[in-house]
Student: 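To start, I am sharing the structure in question, which I have written as structure tokens.
Remember, it's a predicted structure, so these values are computed and weren't measured experimentally. In what follows, every chain begins at residue 1, and chains take the letters A, B, ... in the order their sequences are listed.
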Amino acid sequence: MYAVEAVDIVKTFGDVRALDGVTVRFEPGIVYGFLGPNGAGKTTLIRVLTTLIKPDSGTARVAGIDVVTDAVAVRQRIGLAGQNAAVDEYLTGQENIEMVGRLYNLSPSDARARTDEVLERIELTDAKDRQVRTYSGGMRRRLDLAASMVGRPEVLFLDEPTTGVDPGSRLNLWDLIEELVDTGTTLLLTTQYLEEADRLADRIGVIDHGRLIAEGTSDELKNQMGGDVVEIHVTDDDRGSAFAALTRVATEEPKQEGNSLTIPAPNAAHTLTEVVRELDAVSVTPRDIALRKPTLNDVFLTLTGHKAEEEKKPAPSRGRRRQS
Amino acid sequence: MTATAEKLQKRVGVRETLNHISVITKRNMLRNIRLPQLVFFATVQPVMFLLLFNFVFGGAITEGTPAAPEDYINFLIPGILVQTAVFGATQTSLGLTEDLATGIIDRFRSLPMARSAVLAGRTIADLVRNVFVNTLMLFVGFLLGWRFEQGFPSMVLGVAIVLLFGYSMSWVMATIGLTVKSPEAAQTAGFLPIFPLVFASSVFVPVETMPSWLQTFAEVQPITILTNTARSLMLPEEVAASLGLDTGTLILQSLAWTAGILLVFAPWAVRQYRRAVD
Ligand SMILES: Nc1ncnc2c1ncn2[C@@H]1O[C@H](COP(=O)(O)OP(=O)(O)OP(=O)(O)O)[C@@H](O)[C@H]1O
Ligand SMILES: [Mg+2]
């Protein structure tokens with residue numbers, strides 16, 4: 001049985017095809033990461049899989065259960081932490097989690113015990129008696145994560161769990177999520193950060209314009225780039241001539257990000273030597289030059305023609321746009 | 001995992017539903033106590049209304065009231081109870097639209113909880129709030145000289161009928177709120193039907209003082225019926241008799257309005273809720 005099995009899911013909003021035939025399957029016990037830029041359809045896919053919206057066509061099963069015909073049974077087995085923390089500002093941390101526990105049909109005493117457990121785990125025990133409106137953005141996120149875990153879900157959905165969180169708290173959240181995974185929960189998360197997918201996910205689905213454009217482990221995706229790349233950094237003035245020089249070495253146009261230029265290096269060190277020679281011929285001394293493994297960013301550029309992290313937007317920690 | 005082998009739960013059971021309703025009710029009650037603006041609208045504002053109407057308008061309005069001048073407070077209190085309960089019902093639309101806006105409803109919908117719990121828990125919490133506010137009104141009224149004349153059970157019956165009506169109005173407000181969706185719009189849209197109903201009624205003045213076209217409307221509309229019902233259960237019997245209808249008929253009419261409003265607006269609110277979230 002698959003933990004998640006979605007077949008040919010289509011969902012449109014007016015003329016926007018938010019999901020344009022997504023098919024994805026994965027087995028229990030892994031972390032699956034959906035990677036995609038703003039508006040790719042990540043949230044829409046999560047909302048279909050967590051029974052919040054019905055797909056226009058296609059079928060989806062979570063823990064082997066159809067999300068449309070058996071929504072209640074699916075909800076008993078999942079946890080969701082949506083893109084914006086859905087916690088009650090005027091309840092304390094503890095009251096929030098206990099409430100969610102009770103709504104998962106835990107008895108009052110179970111709900112309380114389980115709340116203590118997850119708050120401990122999420123390191124909010126000290127703040128549990130404070131109303132949530134006094135929490136920082138990172139604390140709210142963690143509380144939201146606690147709420148999604150309190151019902152001991154088989155499959156946990158986290159929609160951009162670290163968006164809008166400062167870098168320090170992000171590292172903390174990553175640790176937490178990794179710990180969670182150790183306990184065997186199947187996890188589906190979405191992210192706009194390549195680094196995050198690389199670090200957390202066993203398998204990655206790259207999603208763009210409502211379509212799954214690539215899938216595999218982080219290494220598999222990197223191998224699609226055909227191995228190593230040469231990356232150089234140059235000054236503003238040298239950029240033009242460096243671009244021309246790299247074009248002469250590679251069979252394709254260099255990928256450009258600011259003053260950094262990248263080309264595939266099928267012959268590794270040999271390609272590197274060629275690059276140095278060509279640069280020297282036009283009297284360009286790069287500020288930095290490296291032969292390296294491709295990153296997911298390279299993959300994304302290759303697959304979509306645009307960067308994964310452009311037009312990044314800060315996620316508001318409270319309030320949200322309506323999404324249905 | 002043998003999910004397909006075990007029997008899948010198709011819907012939420014009755015006992016679970018009741019639990020969910022009580023959990024959501026408790027959550028909304030905590031919010032009612034903790035949000036400063038809600039506390040203000042549940043305490044300072046209604047007391048202010050009571051004092052204003054009693055002292056500022058009382059003298060002028062007393063002309064032509066069935067009760068003796070010094071007894072305006074006895075005339076006013078039953079009306080104020082109705083006004084407070086109906087104003088309090090607007091809380092329902094505010095609470096629901098705020099929940100829609102913060103996304104907490106999405107969390108609820110991803111949980112194996114009864115869908116009805118969101119609306120039931122909201123309206124019940126607002127009923128509890130109305131019980132509190134009306135008790136406060138009676139207490140302040142008592143300090144201002146209000147006395148009930150037909151015994152404690154009659155007075156309590158009157159209050160209960162008013163609160164029940166307020167509960168049915170919560171469903172009207174839920175329908176309005178879930179239709180307009182934003183908290184700001186809900187606030188405005190909610191008071192739109194309420195103001196003419198409350199002020200063109202016997203709440204503050206006897207309807208005989210109104211122009212005849214307005215009197216016709218004021219006499220038949222539910223706020224007047226409810227106010228007269230509460231009066232006929234609290235004022236001295238001879239004054240109550242001057243209201244034109246006997247107590248039994250008034251009670252029946254009040255309950256009929258309450259039931260009618262519930263029958264129309266409860267399903268309507270549920271439908272608007274589905275539309276708002278799906
Ligand atoms: N309720 C809605 N009504 C209209 N359009 C919608 C709605 N929800 C999503 N969309 C559109 O569908 C597309 C996919 O949106 P979605 O929220 O799934 O993207 P996303 O990958 O989660 O993006 P982000 O990284 O910004 O969260 C976008 O073009 C979005 O504007
Ligand atoms: Mg999203």
Student: State whether a side-chain donor-acceptor pair under 3.5 Å links A/Q76 with A/E154.
Tutor: no

Student: Within residues 34-44 of chain B, which residues come under 4.5 Å of chain A, heavy atom to heavy atom?
Tutor: B/R34, B/L35, B/P36

Student: Can you tell me which portion of B/I24 sits under 4.5 Å from chain A's heavy atoms? Options are side chain, backbone, both or neither.
Tutor: side chain

Student: Please flag which part of A/A71 lies under 4.5 Å from any non-hydrogen atom of chain B: side chain, backbone, both or neither.
Tutor: neither

Student: Aromatic contact between B/F204 and B/F49, with the criterion being ring centroids under 6.0 Å apart: yes or no?
Tutor: no

Student: Which residue in the set B/Q91, B/R122, B/R129 passes side-chain hydrogen bond (donor to acceptor under 3.5 Å, both in side chains) when paired with B/N28?
Tutor: B/R122

Student: Taking the six-membered ring for Trp, are the ring centroids of A/F26 and A/Y2 within less than 6.0 Å of each other?
Tutor: no

Student: Just do the side-chain contact (heavy atoms from CB on, under 4.5 Å) check on A/I30 and A/R203 with the steps written out, would you?
Tutor: CA-CA 8 Å; A/I30 72 162; A/R203 281 237 304 281; 4.2 Å; yes

Student: Check each atom of A/E98 against the heavy atoms of chain B and say whether the ones under 4.5 Å are side chain, backbone, both or neither.
Tutor: neither

Student: Quick one: of B/R107, B/M113, B/K181, who has the most non-hydrogen atom pairs under 4.5 Å with chain A?
Tutor: B/R107

Student: So which atom in A/T115 and which in A/Q94 form the shortest heavy-atom distance, rounded to 0.1 Å?
Tutor: CG2-O, 3.8 Å

Student: Only pairs at least two apart or in different chains count here, so list each ring-ring contact (aromatic ring centres under 6.0 Å, His included) that has a residue in residues 259-278 of chain B.
Tutor: B/F265-B/W268

Student: Non-hydrogen atoms of chain A under 4.5 Å away: do they reach the side chain of B/R275, the backbone, both or neither?
Tutor: neither

Student: Which of the residues A/D144, A/V74, A/V87 is involved in the greatest number of heavy-atom pairs with chain B at under 4.5 angstrom?
Tutor: A/D144

Student: For the rings on B/F165 and B/Y167, is their centre-to-centre separation under 6.0 Å?
Tutor: no

Student: Are A/R47 and B/D106 close enough for a salt bridge, meaning some N to O gap below 4.0 Å?
Tutor: yes

